[in-house]
Number of protein chains: 2
Amino acid sequence: MKTRDKIIVASIELFNEQGERNITTNHIAAHLGISPGNLYYHFRNKEDIINAIYSEYADDLINQFKGLSDAINPLDSILLYMDIVFQLISKFRFFYSNLPVLLSKNPALKKRYSEIQKEIIQKVSSMLQSLNEAEILSIKDDELEDLTCLLRITTTFWLSYLQTQIEDNPKIDDASLYEGLLKIFALLSPYVTDGARQDFENARDQYKALKQDALTQQIAI
Amino acid sequence: MKTRDKIIVASIELFNEQGERNITTNHIAAHLGISPGNLYYHFRNKEDIINAIYSEYADDLINQFKGLSDAINPLDSILLYMDIVFQLISKFRFFYSNLPVLLSKNPALKKRYSEIQKEIIQKVSSMLQSLNEAEILSIKDDELEDLTCLLRITTTFWLSYLQTQIEDNPKIDDASLYEGLLKIFALLSPYVTDGARQDFENARDQYKALKQDALTQQIAI
DNA sequence: GTCTATACTACGATAGAC
DNA sequence: GTCTATCGTAGTATAGAC
């Protein structure tokens, strides 16, 4: 791997584990066994590294969504979508743990973030409309915007919420992500039509089982 | 006002405006026209100031909730409760903009935060049950926990969400808080019984009007 | 591309006079 | 209680050799 890429990978790892605020450029260099000077050859400063990480995040996002374009049923579609979102948030969780602060001191990043957010909101909104048309959900026009917003808040801050709840510092694992997805089920549940109720609850049970599996696996290790 | 209190007030103000991370003890002292030495006479360090601010927050919370104990109807009760919560979050928003980071590097604070959280969750949960018993909402037993959790996430991170959405750096004002409260309405809406629907929508319209007032007032200024 | 060495700065914190 | 003066440290960043 090129040094530049190594720096990005190590930074993500260290930021996630110990918090972006607690990790300096020197830490990153030391962790990789390279000199600070070398790090500064590849990046102008720490903000530059964060911006590069965000580029990687954005690329990931686009690539993952491409693989999702196959026409499957709308319920699976939104679930897979949410799954991807949770996984990406987990992979870059230092970023989301710190979202308002990180964005406020980096206007360029905030602009990029806003643009991607707009697309995601658009996508979620259109997925909900598809579910409406397929008569899986029954959402009134004036409810659509609020529901989209609540879905965004829940996905964006789910891990942050978990981190504030758990007593000792938590390990973010697959079970945490499935638990987040189950909150999405809870949000959508009141809007599910009678006709789709069975499928919906089956899907929910599947994710409950996945969460349980992840939990027991975790204990086994 | 005593110097100690002045330091707390100024710190809250500066932290909210410019972010806790960007404000040093020297900034606080300079802002008050006192010496750094004087500040350090009153507080051992910056973390000590933050802990003192949190004590003020906790006191505020308890006092506000005391004034709420009068038996009013359960719907007004939860709305007033949420109103208080939003206002407190707004008053200490630097804290919530930074929640996971601030808590992870201050275990004592995290412990205090967790304890208060437990009480709030308990309180919200019992309020929802009252609404159930009064047949204003119809929440099944297995839905209660998820709904409580979604309410917590939405209130806790509403302002953080707003800050990430608005293009240029946002002014958090009354309209923002009412908008947050309307998200609470959106969360509860699917669970409202037919019998209580009219009251619920009337209350919602009231808050919509309040938000509009706040918006126009803001433009007038 | 990578290293060593170093300069600079900001911040946290304390000592000691008043 | 408050000030002035100052020290130590940690983090950022660059220069210049290899």
Side-chain angles (χ1 to χ4, degrees), chain A residues 1-56 94-95 97-98 101-109, chain B residues 1-56 94-95 97-98 100-110:
Chain A
M1 210 190 314
K2 285 196 184 292
T3 301
R4 192 191 141 90
D5 294 329
K6 277 193 211 163
I7 293 171
I8 290 179
V9 170
S11 298
I12 294 173
E13 186 189 329
L14 292 171
F15 288 166
N16 279 340
E17 275 170 13
Q18 303 179 52
E20 175 270 336
R21 188 171 182 170
N22 305 317
I23 296 296
T24 69
T25 48
N26 283 354
H27 288 134
I28 300 167
H31 181 82
L32 286 170
I34 67 172
S35 66
N38 193 356
L39 186 145
Y40 277 93
Y41 172 79
H42 292 283
F43 294 95
R44 282 169 50 225
N45 50 39
K46 193 174 158 187
E47 186 172 299
D48 198 21
I49 298 177
I50 292 175
N51 289 339
I53 291 177
Y54 191 76
S55 297
E56 180 152 323
F94 80 90
F95 181 71
S97 298
N98 230 342
V101 173
L102 241 39
L103 293 182
S104 76
K105 58 184 260 174
N106 188 339
L109 187 59
Chain B
M1 209 191 313
K2 286 195 184 292
T3 301
R4 192 191 141 89
D5 293 329
K6 276 192 212 163
I7 293 171
I8 290 179
V9 170
S11 298
I12 294 173
E13 186 190 329
L14 291 172
F15 288 166
N16 279 340
E17 274 171 13
Q18 302 180 51
E20 175 270 335
R21 190 172 182 170
N22 305 317
I23 296 296
T24 69
T25 47
N26 283 355
H27 288 135
I28 300 166
H31 181 83
L32 286 170
I34 66 174
S35 66
N38 193 356
L39 186 145
Y40 276 93
Y41 172 80
H42 291 283
F43 293 95
R44 282 169 48 227
N45 50 38
K46 193 174 159 187
E47 187 172 298
D48 198 21
I49 298 177
I50 292 174
N51 288 339
I53 291 176
Y54 191 75
S55 298
E56 180 153 322
F94 79 89
F95 181 71
S97 298
N98 230 341
V101 173
L102 241 40
L103 294 183
S104 75
K105 60 184 260 179
N106 188 338
L109 187 60
K110 179 157 191 179

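Each chain gets a letter, A, B and so on, in the order its sequence line appears, and its residues count up from 1.
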Inset, instruction - Look at A/Tyr40 and D/dA13 and indicate whether a side-chain polar atom (N or O) is within less than 4.0 Å of OP1 or OP2. - result: yes
Inset, instruction - Report yes if a side-chain nitrogen or oxygen of B/Tyr41 is closer than 4.0 Å to either non-bridging phosphate oxygen (OP1 or OP2) of D/dT2; otherwise report no. - result: no
Legend entry - Stepwise side-chain contact (heavy atoms from CB on, under 4.5 Å) check, B/Phe94 with A/Val101: CA-CA 9 Å; B/Phe94 79 89; A/Val101 173; over 6 Å; no
Inset, instruction - Check DNA chain C against residues 1-27 of chain B and give the residues with a non-hydrogen atom under 4.0 Å, in numerical order. - result: B/Thr24, B/Thr25
Legend entry - Any residue meeting ring-ring contact (aromatic ring centres under 6.0 Å, His included) with A/Phe43, in chain and number order, not counting sequence neighbours: none
Whole-Å gap separating [atom2] ([N]) and [atom1] ([X]):
| X | N | atom1 | atom2 | value |
| --- | --- | --- | --- | --- |
| B/Ile49 | C/dC11 | CD1 | C1' | 13 Å |
| B/Asn45 | D/dT9 | CG | C1' | 15 Å |
| A/Asp48 | D/dA13 | CG | P | 10 Å |
| A/Lys46 | D/dA13 | NZ | P | 10 Å |

Inset, instruction - Test B/Lys110 against B/Asn106 for side-chain contact (heavy atoms from CB on, under 4.5 Å), laying out the working first. - result: CA-CA 6 Å; B/Lys110 179 157 191 179; B/Asn106 188 338; over 6 Å; no
Partners meeting side-chain contact (heavy atoms from CB on, under 4.5 Å) with [X] (sequence neighbours left out):
| X | result |
| --- | --- |
| B/Thr24 | B/Asn26, B/His27 |
| A/Ile50 | A/Phe15, A/Glu20, A/Leu109 |
| B/Asn38 | B/Thr3, B/Ile34, B/Ser35, B/Tyr41, B/His42 |

Legend entry - Steps toward side-chain contact (heavy atoms from CB on, under 4.5 Å) verdict (A/Ile28, A/Ile23): CA-CA 7 Å; A/Ile28 300 167; A/Ile23 296 296; 3.6 Å; yes
Legend entry - Nucleotide-resolved protein contact map, nucleotides 3-9 of chain C, B/S/- at heavy-atom distance under 4.0 Å: BB-----
Inset, instruction - Evaluate the side-chain contact (heavy atoms from CB on, under 4.5 Å) criterion for residues B/Leu32 and B/Leu39: first the C-alpha distance (whole Å), next the side-chain angles of each, then the deciding distance (0.1 Å), finally the verdict. - result: CA-CA 10 Å; B/Leu32 286 170; B/Leu39 186 145; 6.0 Å; no
